[in-house]
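So you know, we letter chains A, B, ... as the sequences are listed, proteins then strands, and number each from 1.
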Amino acid sequence: MPADLGAQLRSPRGGVPGLRGHGPILGVPLLASPPVTSRLAAALAGLLCAPPLLAGSRVPPVASYRMDVTYDDDAHTLAGKSAVTFVNRTSRPFPDLCFHLYLNAWRNDRSTWLRENGEGVGRARRTGKSEDWFGWSEIHRIALADGTDLTKGLRYAAPDDGNADDRTVACAPLPRPVAPGETLAFTLDWAAKLPRTQARTGWKDDFVMGAQWFPKLGVATDAGWNAHQFHAGTEFFADFGDYDVTLTLPKEMKGKVGASGMQREEAEVGGLLKVRFVAEDVHDFAWTASPRYEVHRETFSEPGLPNVEMILLLQPDHRRVKNRYFAATRAGLKEYGTRFVAYPYPQVTIVDPPWGAVAGGMEYPTLFTGGATWLSPAGTGSPERLTVHEFGHQIFYGLLASNEFEEAHLDEGFNTYATDVAMRETFGDPPLLIRPFGIPVVFRSVLLPSPEAGKERYLDWQTASRSDATSHPSFRMLDGAAIRETAYSKTALTLTSAGRTLGEPRWSAILRTYATRFAFRHPTAADFRGVVTEIAGEEGDALFREAWDTSNTFDYAVGSVSTRKTAPPNGYLGEGSDRKFRPAPTEAPGPSTYESVVVIRRMGEAVWPVDVEMTFQGGHVFRTAWDGKDRWIRYRAAGPKLLSARVDPDRKLLLDVNVLNNGLRAQEDPREANRWAMRLRFWAQNVLEFFALLGFAGVGR
Amino acid sequence: MKRDRLLALFGRGFLGAALTWKAVLVALALNAALAFALVRPTASALHDALDRNPWADRLAKGADTVFFTHFTRSRPDVLGDVEKLQDLATGTAPAGTSARAKLAELVPKEGLAGSTVAFGLLSAALAALLAGGFAGRLGAERDRSSLAAFGSDCARFALPSLLLGLLSAGLVIGAWWWIYVQTGLLYDAGDFRYEWQAVALQLLRLLLFLVAAGYARLFVLYSRAAMGLSGSTNLAAALGRGLGFVLSRPARTMILEILFGAAGLLPLLLWGLFGRAWDGADRSDFWLLLALQQAVLLVRILSRTAHLGAASAWLAAGAGGAAPLPAKPDAAPEPA
């Protein structure tokens, strides 16, 4: 087979991508252990001098697809022809081709995905057992460009759990291996059936979401194919390439189709609709269609960032939140663009799925699904937060295309952190919202502080389970809770804590360097920590060693505080002839000086540097830093009376599982507890009165 | 019956209830005592957590969800499974609920949440017991304000009144379980095309439950009133009379119930909107706020008692004679 003579040989995880478009990708040179300030200065200088990333071709393709697919709206089936070009940019030959057939996750209940979902690993709410709820994906023919038929050699594989019934990975041996640098072209004839929507793919009524819908190559690495089975708790991983996709759909979908990339053609042919999309430098392709979509367009424009056209596919019953969708997407484009890396594509599509479609909250290159409720009071963060988060995945997943099977925290956790920041900056903390019987009730005086709000389940998990370290491969963790809590909340809290501990200049430099250096690549946790070490040194990496390499618990506490008036010494004083006995004073000494003792404890196993603050009478505050390594440290002070002591007073360490022991007063003050007790008693009286109605058969609902 | 007669019954009900003010105060005192006992362990835990904790300064500025998150985690025994209570109260089907779910599985059993259910059922039982006394006094022609007579009626009607209370609780809980919860498990809300359709159906289920529960309570209320009027402990007769009365006046009895319900909830609503919290230290402020809070409860208890009074008056009028006028309080005995 012909070799790609001009191809630049490169591993997906190393080197600087070649250029095929406008503007270089910023790469900050790796410096050889100069002092921290020099490293930081170099990083900042590189950032300041770099032009912003622009839209256009960015990376030599590895796996490119040209597809012609027909969708049968009645049977919900797809019939497709794919012409695939695979460029081996690794340093090893590939003797076979391995594909993901994700839709086989719902082929039958013996699949790994359905088994794990039934065990609570996933979050998908699957309610049906009829045929509608099942799907499948099959390769009917695979042939090389010279006509060699590989179909007979196609075999299903289960590299993760050996489940012979799982058909989400299939491999076909090649007549001869694809050598490093070589290009292989082949075609696939395939068919698939979309299930009733689950895990954000499928159909509901006249809405269809085509995600993970076509046979897709695994990722070619120096270690071979990285092609995991589809697990209920993790997502996806694929190589960058170009997509040219023609969809044949019912003609009712005209003008109502969205997909990754840019629409190039749309025409009615033979009573059907043919629509063509082209997407460059992406690692996946998704599409959606519904005759009920209302299509809206606005342009994002911000100084220093490239313009982006925003296309919103909106449900008719969500018209009230149209502007909020756009405002949230703008916030994402701006905040992520200024803090991390600019969104490089000319267009982004926001999909508002219909009620009950279970297709909301998911990301695909240049397209993401949001999710709005029928009644969404303003200022409560819905749909804003989900929109910002799913847009954010365009950066953490779309550009920094980490392995979601193995290191789910690199996209979910980083993006959760970034969402917290963007939401706080743009919209502020939302108030508490509950929905009794589907009706929203907002408590505007109770704010949910970011980033702690919404992360309570992680702290519960850390206290009760802590089964896996974050660095453990995600798909191999104990259960769904472990995957979710380590990937999302723990990582987000770790990043926030690290940022607060290392300080804003260093932290901003770390994030921006990581994002710009690894855009259009497959970064790993080691890559991120390499950047941390480069800019913040061993001090910075130590934080992640504690938080990610172990599942140890963080818990710092003020063990004890005491303060007592200083008394003159009692006993023998002086030497020889000057020796005199001083009795204990019977009265308190005149001027008030105090001896105070504070003990700070490390109750958990994990270590994090913390601040200790002591407040004294007269408004004096003393603050000091402790490296947090020993099990305890004792402070003594002489002077004014000690009022209180606090460890981590600025809440830098958000991973601390118990903040109630982070402070102690020298003396009791029961006022606040009294206030809450009185409130509770009144609420209890009213609740008991409601119960009394059961027995009295009176009224007063 | 004309609208003005309904309003007249509404007024007479409160007038009658006011005459039993001593008994109403007893009911209030029992309610306060139960609430005090219910909350005591939690209050103690709050003192442990806050008295020497600088977090108290943050809480003083406003509700702090971070504090309560950590409090519930570090002391899971104190509040128990509050989420289950919240699910019950807001009509949310807990995760994993199936058609085979049992009611007992949905009810919290530990901490404050579990104690609330237990104390609540105790409150219902005590209310049923006292209801016999109220039925007796409101159905009587004299000594309505006598606490001794009230106590005597409580004892006389204890068993049938408790049975009526059990019937009322059973009917209401049954209505909740079968009309609201079980119907919710028959369909998947996600199958609807639009969310508002799912919400509308959920609200319809709630409305049906409220109507069913309302009529269940009316049935028991008028049965109790009938028992009080007749002075007899014949439960079957009382049930028959109560059922017949409600079935012959379904709309008007429901309207009256809604009126008394609104009257009972209004002060609570006003407190929710305008009430304030104690600062934890000022003693005079404490007594003022405590008095206002007890006034809210008093109106609620008075409303349910007034409904019973109105029911008694209506039943008595419906029996053919004019309803007995409320006896003058502290009437002097006639000379021999």
Side-chain angles (χ1 to χ4, degrees), chain A residues 127 205 317 354-356 358 373-374 432 434-439 445-449 452-453 456 459-460 463 644 646 657-660 663-665 667-682 684-701, chain B residues 31 34-35 38-39 42-43 46-47 49-54 56 59-60 63 65-66 69-70 73-74 90-91 116 120 123-125 127-128 131 165 168-169 172 188 190-196 199 202-203 206 217 220-221 257 260-261 264-265 277-278 280-281 293 297 300 303-304 307-308:
Chain A
T127 59
D205 301 325
D317 53 322
W355 164 254
V358 199
T373 49
W374 168 53
L432 175 65
I434 60 172
R435 287 182 181 272
F437 307 101
I439 304 298
S445 61
V446 181
L447 294 181
L448 304 177
E452 292 102 322
E456 300 83 12
L459 297 175
D460 293 339
T463 307
S644 67
R646 294 162 67 184
V657 295
N658 182 7
V659 300
L660 299 192
L664 259 188
R665 288 182 172 140
Q667 282 176 323
E668 290 188 355
D669 183 350
R671 282 176 298 171
E672 197 54 32
N674 283 342
R675 251 169 43 97
W676 281 97
M678 188 182 192
R679 268 184 171 154
L680 273 178
R681 277 191 286 272
F682 181 58
Q685 282 189 271
N686 282 284
V687 169
L688 292 176
E689 176 55 22
F690 275 114
F691 274 92
L693 295 171
L694 288 179
F696 189 91
V699 287
R701 290 166 231 258
Chain B
N31 169 279
L34 279 179
L38 172 61
V39 168
T42 307
L46 281 173
H47 277 287
L50 285 172
D51 287 357
R52 290 191 68 194
N53 198 326
L59 277 182
T65 55
V66 174
T69 300
H70 285 266
R73 184 176 323 98
S74 61
T90 59
T116 298
S123 176
S168 170
V172 171
D188 183 354
D191 284 340
F192 287 102
R193 178 158 277 215
Y194 296 111
E195 186 184 357
W196 65 262
V199 172
Q202 186 177 18
L203 291 175
L206 177 66
R217 292 208 307 267
V220 171
L221 179 82
E257 178 169 58
F260 280 110
L265 280 181
W278 180 38
Q293 287 176 347
L297 267 303
R300 293 190 66 191
S303 294
R304 63 173 155 94
H307 193 192
L308 184 58

Check whether [X] gets within reach of chain A through its side chain, its backbone, both or neither, counting any heavy atom under 4.5 Å.
| X | value |
| --- | --- |
| B:Ser74 | side chain |
| B:Ala281 | both |
| B:Leu38 | side chain |

Is any side-chain heavy atom of [X] closer than 4.5 Å to a side-chain heavy atom of [Y]?
| X | Y | answer |
| --- | --- | --- |
| A:Leu680 | B:Leu46 | yes |
| B:Gln293 | A:Met678 | yes |
| A:Val657 | B:His70 | no |
| A:Pro354 | B:Arg193 | no |

Option in A:Leu459, A:Leu447, A:Thr463 with maximal non-hydrogen atom pairs under 4.5 Å from chain B: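 Ranked by contacts with chain B, first place is A:Leu459.
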Verdict with reasoning, B:Thr65 to A:Leu432, per side chain to side chain contact (heavy atoms under 4.5 Å, CB included): CA-CA 9 Å; B:Thr65 55; A:Leu432 175 65; 5.8 Å; no
Residue from B:Val39, B:Asn31, B:Leu34 passing side-chain contact (heavy atoms from CB on, under 4.5 Å) with A:Gln685: B:Asn31
Tell me the closest heavy-atom pair linking [X] and [Y], and the distance in Å.
| X | Y | answer |
| --- | --- | --- |
| B:Asp51 | A:Ala673 | OD1-CB, 3.6 Å |
| A:Arg675 | B:Ala277 | NH1-CB, 3.8 Å |
| B:Ala124 | A:Phe691 | CB-O, 3.4 Å |
| B:Arg304 | A:Ala692 | NH2-CB, 3.8 Å |
| B:Phe192 | A:Trp355 | O-CD1, 3.3 Å |

Using atom types as modelled and distance alone, determine if a side-chain donor or acceptor of [X] lies under 3.5 Å from a backbone N or O of [Y].
| X | Y | value |
| --- | --- | --- |
| A:Glu452 | B:Val66 | no |
| B:Arg52 | A:Arg665 | yes |
| B:Asn53 | A:Leu660 | yes |

Criterion salt bridge (Lys or Arg N to Asp or Glu O under 4.0 Å) on B:Arg73 and A:Glu456, from CA distance to verdict: CA-CA 9 Å; B:Arg73 184 176 323 98; A:Glu456 300 83 12; over 6 Å; no
A:Arg671 CZ: over 12 foreign heavy atoms closer than 6.0 Å: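 Not more than 12 within 6.0 Å, no.
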Residue part contacting chain B, namely of A:Ser445, when any heavy atom lies under 4.5 Å: neither
